[in-house]
Colleague: 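Dumping the structure here so I can ask a few things about it.
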Amino acid sequence: MGVAIRTAGAADRELVVRLLDTAFQDDPVSGWVFPEAEHRRRKHPALMAAFTDIVLAAGRIDLTEDGTACALWLSVPAGHDEDEDGPAQVRAAVDPENERVEMVGTLTAGIHPADRAHEYLWMIGVAPEHQGEGLGTALIATVLDRCDREGLPAYLEASSARSRALYERLGYEILDRPLDLPDGPQMWPMWREPKS
């Protein structure tokens, strides 16, 4: 049985934000950005909304037809420079007193490869009650199939050991070394060369 996938539009914004918020509430990196559970419940949706808005404007969001999983993708050209003001703008919009909102964006931007064009999987979220059903794999595989046809690599930062294992099964390999968030969890920058 295949998974029906479509491209999300502006009308899907709230659905995508809710889905990402639910999927990432217990993620190690979200827990580091918002260490206090009540604060996370209040502010985390705004961070997911900021990410959704960025990708709706500059990339593509793939959404399962039933609304239980989504993937946020950006096509990154070779020589791309990260927006140095982006993390500060997100912090100002989401949680101005929380330096970790900005720090996570700055640190991940600092390890993001810029020398080759690639597809960047910014985030993938699956509703907790549907995790383990292959939805994430289906969302990623459609883009990786295109990457293989076009000879384009793909990149992401895994935020948990569980997600890292999924990405390794899909052909991603860890680049260099993990990113150690200060007094926090590790993130794994991962690169996938296209398959011939």
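Quick note: numbers below take in every heavy atom, side chains included, and nothing from hydrogens, waters or symmetry partners. Please read these numbers as outputs of a predicted model, since none were measured by experiment.
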Colleague: Please test M123 against T52 for side chain to side chain contact (heavy atoms under 4.5 Å, CB included), starting from the C-alpha separation and ending with a verdict.
Modeller: CA-CA 10 Å; M123 301 184 81; T52 299; over 6 Å; no
Colleague: Please determine whether residues L152 and L72 belong to a single hydrophobic cluster, defined as Ile, Leu, Val, Met, Phe, Trp and Tyr linked transitively by side-chain heavy-atom distances below 4.5 Å.
Modeller: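 No, separate clusters.
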Colleague: Should R13 and D53 be marked as a side chain to side chain contact (heavy atoms under 4.5 Å, CB included) after you check the CA-CA gap, both sets of side-chain angles, and the distance that decides it?
Modeller: CA-CA 8 Å; R13 179 185 184 272; D53 291 343; 2.5 Å; yes
Colleague: Is it true that R192 and D148 make a salt bridge, defined as a side-chain N closer than 4.0 Å to a carboxylate O?
Modeller: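 Counted as a salt bridge, because a side-chain N and a carboxylate O are separated by less than 4.0 Å.
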Colleague: Using a strict threshold of under 4.0 Å (side-chain N to carboxylate O), is an ion pair present between E14 and R18?
Modeller: no
Colleague: Taking C-beta and beyond as the side chain, do L135 and V3 meet within less than 4.5 Å on heavy atoms?
Modeller: yes
Colleague: How long is the gap from CG on D180 to CD on Q186, to the nearest 0.5 Å?
Modeller: 4.5 Å
Colleague: If every non-hydrogen atom of V94 is compared with every non-hydrogen atom of A50, which pair is closest and at what distance?
Modeller: CG2-CB, 4.1 Å
Colleague: Side chain to side chain contact (heavy atoms under 4.5 Å, CB included), that's the test. Do F34 and V101 meet it? Break it down for me.
Modeller: CA-CA 8 Å; F34 303 105; V101 172; 4.1 Å; yes
Colleague: Does the pair D95/R100 count as a salt bridge with the N-to-O cut at 4.0 Å?
Modeller: no
Colleague: Write down the atom of V33, the atom of N98, and the distance for their closest heavy-atom approach.
Modeller: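 Heavy atoms only, the tightest pair is O-ND2, 2.9 Å.
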Colleague: Closer than 3.5 angstrom, by distance alone: can the side chain of S163 be matched with the main-chain N or O of S160 as a donor-acceptor pair?
Modeller: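 Judged by distance alone, yes, a pair lies under 3.5 Å.
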Colleague: Using side-chain heavy atoms (C-beta onward) and a distance below 4.5 Å, is L181 in contact with M187?
Modeller: yes
Colleague: Verify the distance criterion only: is there a donor paired with an acceptor across the side chains of S30 and Q25 at less than 3.5 Å?
Modeller: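 There is no such pair between these side chains.
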Colleague: Closer than 4.0 angstrom, basic N to acidic O: yes or no for R40 and E36?
Modeller: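 Result for this pair is no, no salt bridge flagged.
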Colleague: Give me the ring orientation class for Y155 and H112: parallel if the planes are under 30° apart, tilted from 30 to 60°, perpendicular past 60°.
Modeller: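 Ring orientation, 0 to 90° scale: tilted.
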Colleague: With distance as the sole test, does W32 use its side chain to make a donor-acceptor pair with the main-chain N or O of P182 at under 3.5 Å?
Modeller: yes
Colleague: For Q131 and V126, which heavy atoms make the closest approach, and how far apart are they?
Modeller: NE2-O, 3.0 Å
Colleague: Do L19 and L63 come close enough that some side-chain heavy atom pair is under 4.5 Å?
Modeller: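 The answer is yes; the side chains approach within 4.5 Å.
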Colleague: Check whether E193 reaches the backbone of P153 with its side chain - one donor and one acceptor, N or O, closer than 3.5 Å.
Modeller: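 Looks like no, no N/O pair under 3.5 Å.
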Colleague: For a 4.5 angstrom cut-off between non-hydrogen side-chain atoms, does I140 reach L166?
Modeller: yes
Colleague: Looking only at heavy atoms, which two atoms of W188 and S159 are closest? And how far apart?
Modeller: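 Distance-wise, the nearest heavy atoms are CZ3-C, 4.3 Å.
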Colleague: For the ring pair F24 and H44, is the centre-to-centre distance below 6.0 Å?
Modeller: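 No, the ring of F24 stays outside the 6.0 Å limit from the ring of H44, centre to centre.
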Colleague: Looking at every heavy atom in both A71 and W73, which two are closest together, and how far apart are they?
Modeller: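 Heavy atoms only, the tightest pair is CB-NE1, 3.4 Å.
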Colleague: Could you walk me through whether R91 and M103 pass the side chain to side chain contact (heavy atoms under 4.5 Å, CB included) check?
Modeller: CA-CA 9 Å; R91 174 184 177 180; M103 190 182 306; over 6 Å; no
Colleague: Please confirm whether W191 and Y172 have ring centers closer than 6.0 angstrom.
Modeller: no
Colleague: So that I can tick it off, tell me whether E119 and R146 are bridged by a salt bridge, with the cut-off set at under 4.0 angstrom between side-chain N and carboxylate O.
Modeller: yes
Colleague: What's the spacing between L20 CG and D27 CG if we round to 0.5 Å?
Modeller: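 Interatomic distance, L20 CG to D27 CG, rounded to 0.5 Å: 11.0 Å.
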Colleague: Quick one: closest heavy-atom pair of P194 and C147, and the distance?
Modeller: CB-O, 3.7 Å
Colleague: Got W122 and I54 here, is their nearest side-chain heavy-atom distance under 4.5 Å?
Modeller: yes
Colleague: Can you find a side-chain donor-acceptor pair between Y167 and E157 that sits under 3.5 Å?
Modeller: no
Colleague: State plainly whether the residues D62 and R6 are in salt-bridge range, i.e. N to O under 4.0 Å.
Modeller: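 The answer is no: the pair does not qualify as a salt bridge.
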Colleague: Is the backbone N or O of R116 less than 3.5 Å from a side-chain atom of H118, with the two atoms forming a donor-acceptor pair by type?
Modeller: yes
Colleague: Out of curiosity, T68 OG1 to H130 NE2, how far, rounded to the nearest 0.5 Å?
Modeller: 5.0 Å
Colleague: For the atom pair CZ (R169) and CZ (R164), what is the distance rounded to the nearest 0.5 Å?
Modeller: 12.0 Å
Colleague: Contact between C70 and T64 at the side-chain level, heavy atoms closer than 4.5 Å - yes or no?
Modeller: no
